[in-house]
There are 2 protein chains.
Amino acid sequence: MADFSSKDSEYLSRLQDYYAEWKSIPSYAALCEVFGIASKSWVKAILNRLAEAGFLERTPDGVWIPAPPFFARPLAESAVQAGMPVAVSATQGEHFVIDEMLIETPSRSVLIPVKGDSMIEAGIHDGDVAVVEKRLTANLGDIVVAIVDDAFTLKTLDKEAGKFVLRPANAAYPVIRPEASLEIFGVLVGLIRKYR
Amino acid sequence: MADFSSKDSEYLSRLQDYYAEWKSIPSYAALCEVFGIASKSWVKAILNRLAEAGFLERTPDGVWIPAPPFFARPLAESAVQAGMPVAVSATQGEHFVIDEMLIETPSRSVLIPVKGDSMIEAGIHDGDVAVVEKRLTANLGDIVVAIVDDAFTLKTLDKEAGKFVLRPANAAYPVIRPEASLEIFGVLVGLIRKYR
DNA sequence: TTGACAACAGAACGATTGTTCTCCAAAATT
DNA sequence: AATTTTGGAGAACAATCGTTCTGTTGTCAA
């Protein structure tokens, strides 16, 4: 049984990005370009492994279609604000299916549950799910996920006296003034809340 | 320019059903079965009209792909709080795509843009999109969409002196005390916000 | 009753598809 | 040092695909 290598997950995310843009799975020939390889037979081998891993299926006619896990995004186990390991790649936890409406770049987006009320005045509540696009830079005024003291924090990016600061949206919390450089994990692009 | 007949919308919904099941647009030959016709050339003519109506597109390679209106569920034209017609079925306005994550009962669910800040203390902002499940009854404490003076209002359902009242989450707004019975349109089950 | 148009059916055809097969170089294993 | 495994390349081929073109109905107005 062929196992799912790290290269395969690279292929998967390329395919996810392609699908997000075109909403269809292309032909083997087109997948050669998408994957950056030249062999149709190898494309087929890759798709078969993705199917074995549960990300793809075939219709009775043999047409490749995405299976539910194809759409699932990793839901980070720990939440923003709590002490969360910097590496968010591990995807052990729950899965969460959401359409690309909020997610323009699926492979670079992560869903992170929000913990705490430091952004409550921005309408971001404890238990909300943040849609975060992983990026190293952000603009002033963006709500960013930053890495502070090895933990994730959701704050508004601002500037004070020429230095970047992280401003909470809750008068009870202090502005965070990083000593050295500011490490940005990603930018908040969407928010999802479930009632009941 | 060929116009979009009622038969075409029948073809469209068949295609939508097929896509919902298989998440791909089949070949012309397969579409013959889906549409219940026998001519590939006529299938092509149909798809061209669906494309003209905005439901389909083609990739640069000529592959048919669904366009956003293909997925759209009705996004109520007017927003909650503004004077909105009671019938929400008409789907003229903007379109909005979202997966079933927040929508457990798609056929009974509607997306409604939120207007105003009467619920801001509940973290519901102007411009947010409310996921509303159409129901005639609700529980105390639910955030409901109620029909007040022929307009939609998003408020928390509460009880005062034995009578139902609609409580805003903003100190600047008054509690609504309906004289007679309270007409409930639906219950808020989810919230979606987009940044940028 | 004619004639135009809409709604298909069906054939023909070159291009493209997925499949299978053989081959190969580098890395890993023995 | 020898050998197996990994990660692909490339050719060949029947089946299928989309396209185009020509017919064939039924309908409805003139």
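Order of the sequence lines fixes the chain letters, A, B, ..., with proteins taken first and strands second; residue numbering starts at 1 for each chain.
Side chain of B/Thr59 to main chain of B/Asp61: a donor-acceptor pair is present (N/O by atom type, distance under 3.5 Å, no hydrogens or angles). B/Asp17 contributes no side-chain N or O that, together with a main-chain N or O of B/Arg14, makes up a donor-acceptor pair within less than 3.5 Å. Remark: the backbone N or O of A/Val144 is not paired with any side-chain donor or acceptor of A/Asp142 at under 3.5 angstrom.
Residue A/Lys159 holds its NZ atom at 6.0 Å from CG of A/Leu140, rounded to the nearest 0.5 Å. To the nearest 0.5 Å, the span separating OG on A/Ser27 from CH2 on A/Trp64 amounts to 14.0 Å.
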For a quick check, with a 4.0 angstrom heavy-atom cut-off, what is the B/S/- contact string for nucleotides 13-29 of chain D, read 5' to 3'? ----SBBBB--------
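The hydrophobic cluster containing B/Val175 also includes B/Val165, under a criterion of side-chain heavy atoms closer than 4.5 Å among ILVMFWY residues, counted directly or through chains of members.
Grouping the Ile, Leu, Val, Met, Phe, Trp and Tyr side chains by contacts below 4.5 angstrom, directly or via other members, places A/Phe164 apart from A/Leu188.
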Listing, residues 29-40 of chain A side-chain donor-acceptor contacts under 3.5 Å, not counting sequence neighbours, or none:
from: A/Ser39; atom 1: OG; to: A/Ser41; atom 2: N; distance (Å): 3.4
from: A/Ser39; atom 1: OG; to: A/Ser41; atom 2: OG; distance (Å): 2.9
from: A/Ser39; atom 1: OG; to: A/Trp42; atom 2: N; distance (Å): 3.1

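Taking a heavy-atom distance under 4.0 Å as the criterion, the stretch of DNA chain C touched by chain A extends 5' to 3' from C/dT17 to C/dC21.
Interface residues of residues 31-39 of chain B facing DNA chain C, ordered by number: B/Ile37, B/Ala38, B/Ser39; criterion, heavy-atom separation under 4.0 Å.
With sequence neighbours excluded, no residue forms a side-chain contact (heavy atoms from CB on, under 4.5 Å) with A/Glu21.
Look at NZ on A/Lys7: it is 14 Å from C1' on D/dT5, rounded to the nearest Å.
Applying side chain to side chain contact (heavy atoms under 4.5 Å, CB included) to A/Ile184 and the options A/Leu166, A/Leu157, A/Val145, A/Leu136 leaves one that passes, A/Leu157.
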